[in-house]
Amino acid sequence: MTHAHARRILALLALIPSGRVVSYGQLADLAGLPGRARLVGRVLRTEDTSTLPWHRVVGAGGRLSLPEGSDGWREQRERLLAEGVMLRGSRLDMKMYQWQPDLAAMLMLMDH
DNA sequence: CGCTTGACGGGAA
DNA sequence: CTTCCCGCCAAGC
């Protein structure tokens, strides 16, 4: 059985729209786990994210966190580019692509 | 059991 | 830009 924290993180991950990204720390905050950015990274590495948009999670500074040149890095890069997110190497503009959850999205979350 | 790691983050130098 | 450093803490070893 997966940890409750992991379930919340994965549930939120599924809500991130195509073409938009969130930072590890932002996802932790949304999950009610401030200061737990590393937990988000671990969950993404540990849990099965095959059916989820894991590629929409990037470092707070707009940098891909996977080792540059690795398979995962290439995969994330390709997926983002396919969604229209422009990247220069491992960098992208957070001002341009960071997801800001709207009221409707927040209400969805409260409606268990 | 204590010590190290790590898909993090922010600040200082 | 690049280190360092510290806070964070579950997993590995």
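Quick note on labels: first sequence line is chain A, next is B, and so on, each numbered from 1.
For the pair V57(A) and S23(A), the minimum side-chain heavy-atom distance is 4.5 Å or more. Residues Q76(A) and L66(A) form a side-chain contact, since some pair of their non-hydrogen atoms from C-beta on lies under 4.5 Å apart. With a 4.5 Å cut-off on side-chain heavy atoms, I9(A) and L33(A) count as touching.
With a cutoff of under 4.0 Å to any heavy atom of chain A, the contacted region of DNA chain C is bounded 5' to 3' by dG7(C) to dA10(C).
In this structure, L52(A) places its CG atom 19 Å from P of dA7(B), rounding to the nearest Å. The interatomic distance linking Q26(A) (CD) with dA7(B) (C1') rounds to 16 Å, in whole Å. Rounded to an integer number of Å, the gap from L33(A) CG to dG9(B) P is 14 Å.
In the region residues 58-70 of chain A, proximity to DNA chain B at under 4.0 angstrom, judged on heavy atoms, holds for G59(A), A60(A), S65(A), L66(A).
Note that CG of L80(A) and CG of L64(A) are 6.5 Å apart. Values are rounded to the nearest 0.5 Å. A distance of 12.5 Å separates CD1 in I16(A) from CH2 in W54(A), rounded to the nearest 0.5 Å. Taking CZ from R88(A) and CG from D93(A), the interatomic distance works out to 8.0 Å, rounded to the nearest 0.5 Å.
Applying the side-chain hydrogen bond (donor to acceptor under 3.5 Å, both in side chains) test to E78(A) and every residue at least two apart in sequence or in another chain returns nothing.
Residue G35(A) is the one, among G35(A) and R45(A), whose nearest nucleotide of DNA chain C lies closer to the 5' end (criterion: closest heavy atom).
Note on R42(A): a base of the nucleic acid sits closer than 4.0 angstrom, heavy atoms only. Heavy atoms of W54(A) sit under 4.0 angstrom from at least one base atom. S23(A) comes within contact range of the sugar-phosphate backbone alone, with a heavy-atom separation under 4.0 Å but no base atom that close.
Using a cut-off of 4.0 Å between Lys/Arg side-chain N and Asp/Glu carboxylate O, E83(A) and R56(A) are scored as salt-bridged.
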